[in-house]
Amino acid sequence: MTGRAPPSWLGEFQAAFGDVLQAPLERASGTLRARTEAYPEALRVEVLPGSRLAAADRIAVYHRQYWFRLLTALQTDYPLVANLLGYWEFNGWAARFLSSHPPRCADIQRAGDGFPAFLELALPAQVATGSEGVRVPRDVLLEAVAIDAAWRAILLAPEVPVLDPMMLDGPTAAEIRLEPHPAFAIVSEHWPLCALRAELVHGAGVRSAPLPPRRPEATSRLLGRLGTQLLTRELEPLHAALLRLLAELPLADGLAELEASCQEAERAELPAKVQGWLSESVRIGYWRGGGRDEG
Amino acid sequence: MNGAALPLLHLERIRQRYPIVLHGVGLNLLGEAPLDEAYLDRLVRLADAVDAPFVTDHLCWTGAHGVSHHDLLPTPYVPELVELAAERARHVQDRLGRPFGLENLSTYLEFRRSTLTEWEFYTSVVASSGCWFMLDVNNIYVSSVNHGFDPLAYLRAIDFDRVLQVHLAGHTREPNGTIVDTHDQPVCAEVWRLYADAWKMGGPFPTLLEWDGNIPPLPEVIAEVELALEARA
């Protein structure tokens, strides 16, 4: 530990400077503008004017950088939402979020923690986009932010042990409650959002066509990381249901509920399918080890 | 440092072929709050894990009163902050158990309260702390243009025996004439000249070419590295 206390003026100066940085940039002019006229006089007098810029304009360089850096971080973390809304509208929502949730962590990748929950509370039924007259339904955005958030969690997932397959062969296997590994997630989509995200992140970086109409049934997809490789795979509805049930219930109860929920025609093939899906989930490391009831 | 597995896997693969040095932006050496020991714990663990020959961060503050501003922010250059920064930097180096280098900033404003030049402040902190210079030549150039000082005077103040590494990067000139350190452009001719001057004064030293945005194809990056070799001739 270090013992020297900073001079008292340092805390006051950094509080005043921080307040200026965190004030949202003005959007009324159609560009993001630092409202230098609102900077406190006590801070302005601390800064010398330069040969090119007044003191307040020099502070504004940092003010703009604060916001552009954070907005870029959120655009990077939530590319689907940013693309569906357009950057101007997205930045408006991101600025509202960051104003009420200023970053507390030295890791800028954590600045977007809580953004999905914020949108879920804040989004109206129809949301304006950057294109004039075009509005996007809240449901699309909530699916999109869930997919962005799933990928974000996968990329930030720590290294944790995977389930030991022997646990499923023991005498207490029926009572085991499994827990998904943080490097995997299952998402649902009524629009082809995972494909769009892949296009945005790995391809052109812009949406090439409008979204098609909503599909009546959701498609479930498994997202995850195998070593350094990223994985996206469509799941049969029963396969997705199995993985979800086993994350909620003891193994035997989950299997029973799955059987009860399926159609008569599906039931004959179910044991073989379940065996295959369960084996594969263990093989790819979908379940974490050291879990709730593993021992 | 955040415990995510994927970047650690990539680092491990890189480490099998190359030595890795760590360069941070979050130490907050000149923040009003005490050093974040939990952050430092994670930094020490990572430095140990990759067996980093040295670690560097910036002589600046990056957050205050519980908010992280994610920027490299300057303070007034005054003797009382020399002592504060030196004590903290010494502590960081002790915790790391390996050389710790301090990088000079690009800055866009100056403070009325300052009683030292930037290079007097920087060299005093390094000398008092027993730490090292992580000298960014582009940052010297950017600040010299923004504030109207002689960049060679800055270089002449540096003890090159204590330079761990030199950084080179590109910057952007805004319409109002301010130069901003963006790392998304090629190194400009003036910075190459300053780098050549630094090499004459204190070379050899390891050099890092920084690109954070608009990263060009690898052959262009390699061609730019070769310009560094030419500048040393």
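Chain A is the first sequence line, chain B the second, and so forth, proteins listed ahead of strands; every chain is numbered from 1.
Comparing Glu12(A), Gln22(A), Gln109(A), Arg110(A) by heavy-atom pairs within less than 4.5 Å of chain B, the highest count is held by Gln22(A). The candidate with the highest count of non-hydrogen atom pairs below 4.5 Å against chain B, out of Gly50(A), Ser51(A), Ala73(A), Ala157(A), is Ala157(A).
Leu21(A) is listed as a side-chain neighbour of Leu73(B), based on a closest heavy-atom distance under 4.5 Å. Here the side chains of Leu9(B) and Arg225(A) are in contact, with some heavy-atom distance below 4.5 Å. With a 4.5 Å cut-off on side-chain heavy atoms, His65(B) and Pro102(A) do not count as touching. Considering only heavy atoms from C-beta on, Phe13(A) stays 4.5 Å or farther from Arg113(B) through its side chain.
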Set out, in order, the CA-CA distance, both residues' side-chain angles and the distance that settles side-chain contact (heavy atoms from CB on, under 4.5 Å) for Asn176(B) and Arg52(A), then state yes or no.
CA-CA 7 Å; Asn176(B) 60 29; Arg52(A) 298 180 181 85; 5.7 Å; no
Residues Leu6(B), Thr228(A); criterion side-chain contact (heavy atoms from CB on, under 4.5 Å); working and verdict:
CA-CA 6 Å; Leu6(B) 187 57; Thr228(A) 57; 4.2 Å; yes
Between Glu159(A) and Leu8(B), is a side-chain contact (heavy atoms from CB on, under 4.5 Å) present by the stated rule, with each step listed?
CA-CA 9 Å; Glu159(A) 191 63 57; Leu8(B) 292 175; over 6 Å; no
Please determine whether side-chain contact (heavy atoms from CB on, under 4.5 Å) holds for the pair Thr178(B) and Asp57(A), giving the CA-CA distance in whole Å, both sets of side-chain angles, and the decisive distance to 0.1 Å.
CA-CA 10 Å; Thr178(B) 304; Asp57(A) 293 324; over 6 Å; no
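With rounding to the nearest 0.5 angstrom, the OG1 atom of Thr75(B) is 6.0 Å from the CH2 atom of Trp9(A). Here Leu109(B) contributes atom CG and Phe17(A) contributes atom CZ; the two are 5.5 Å apart, rounded to the nearest 0.5 Å. Note that NE2 of His69(B) is 11.5 Å distant from NE2 of His63(A), once rounded to the nearest 0.5 Å. Summarising the geometry, atom NE2 belonging to His70(B) is positioned 6.5 Å from atom SG belonging to Cys105(A); distances are rounded to the nearest 0.5 Å. Taken from CD1 in Ile108(A) to CG in Asn2(B), the straight-line distance is 12.5 Å, to the nearest 0.5 Å. The distance from the NE2 atom of His147(B) to the CZ atom of Arg58(A) is 5.5 Å, given to the nearest 0.5 Å.
Using a 4.5 Å cut-off between heavy atoms, Val61(A) touches chain B through its side chain atoms alone. Of the two parts of Arg4(A), the backbone and the side chain both hold a non-hydrogen atom closer than 4.5 Å to a non-hydrogen atom of chain B. If you measure heavy-atom distances from Val25(B) to chain A, you find no contacts under 4.5 Å at all. The contact between Val145(B) and chain A is made by backbone and side chain atoms together, counting heavy-atom distances below 4.5 Å. With a threshold of 4.5 angstrom between heavy atoms, Phe111(B) approaches chain A through its backbone and through its side chain. With a threshold of 4.5 angstrom between heavy atoms, Leu53(A) approaches chain B through side-chain atoms but not through N, CA, C or O. Within the 4.5 angstrom heavy-atom criterion, only side-chain atoms of Glu174(B), from C-beta onward, approach chain A. Proximity to chain B involves both the backbone and the side chain of Ile59(A), based on heavy atoms less than 4.5 angstrom apart. With a threshold of 4.5 angstrom between heavy atoms, Leu81(B) approaches chain A through side-chain atoms but not through N, CA, C or O. Using a 4.5 Å cut-off between heavy atoms, Thr107(B) contacts chain A through both its backbone and its side chain. Proximity to chain A is limited to the side chain of Arg13(B), based on heavy atoms less than 4.5 angstrom apart. Using a 4.5 Å cut-off between heavy atoms, Arg104(A) contacts chain B through both its backbone and its side chain. The contact between Ala15(A) and chain B is made by backbone and side chain atoms together, counting heavy-atom distances below 4.5 Å.
The two atoms that bring Ala5(B) and Pro158(A) nearest to each other are CB-C, 3.8 Å, heavy atoms only. The minimum heavy-atom distance between Gly26(B) and Ala106(A), with the atom names listed, is O-CB, 4.2 Å. Listed here is the closest heavy atom pair of Pro49(A) and Arg112(B): CD-NH2, 4.1 Å. Contact record, Glu80(B) with Pro7(A): OE1-CB, 3.4 Å, taken as the closest heavy-atom pair. Scanning all heavy atoms of the two residues, the minimum distance from Leu84(B) to Ala5(A) falls at CD1-C, 4.3 Å.
Within a 6.0 Å sphere centred on CD of Gln229(A), other residues, nucleotides and ligands contribute 12 heavy atoms or fewer.
No donor-acceptor distance shorter than 3.5 angstrom exists from the side chain of Tyr62(A) to the backbone of Pro74(B), with no hydrogens or angles considered. Here the side chain of Gln14(A) pairs a donor or acceptor atom with the backbone of Glu32(B) at under 3.5 angstrom.
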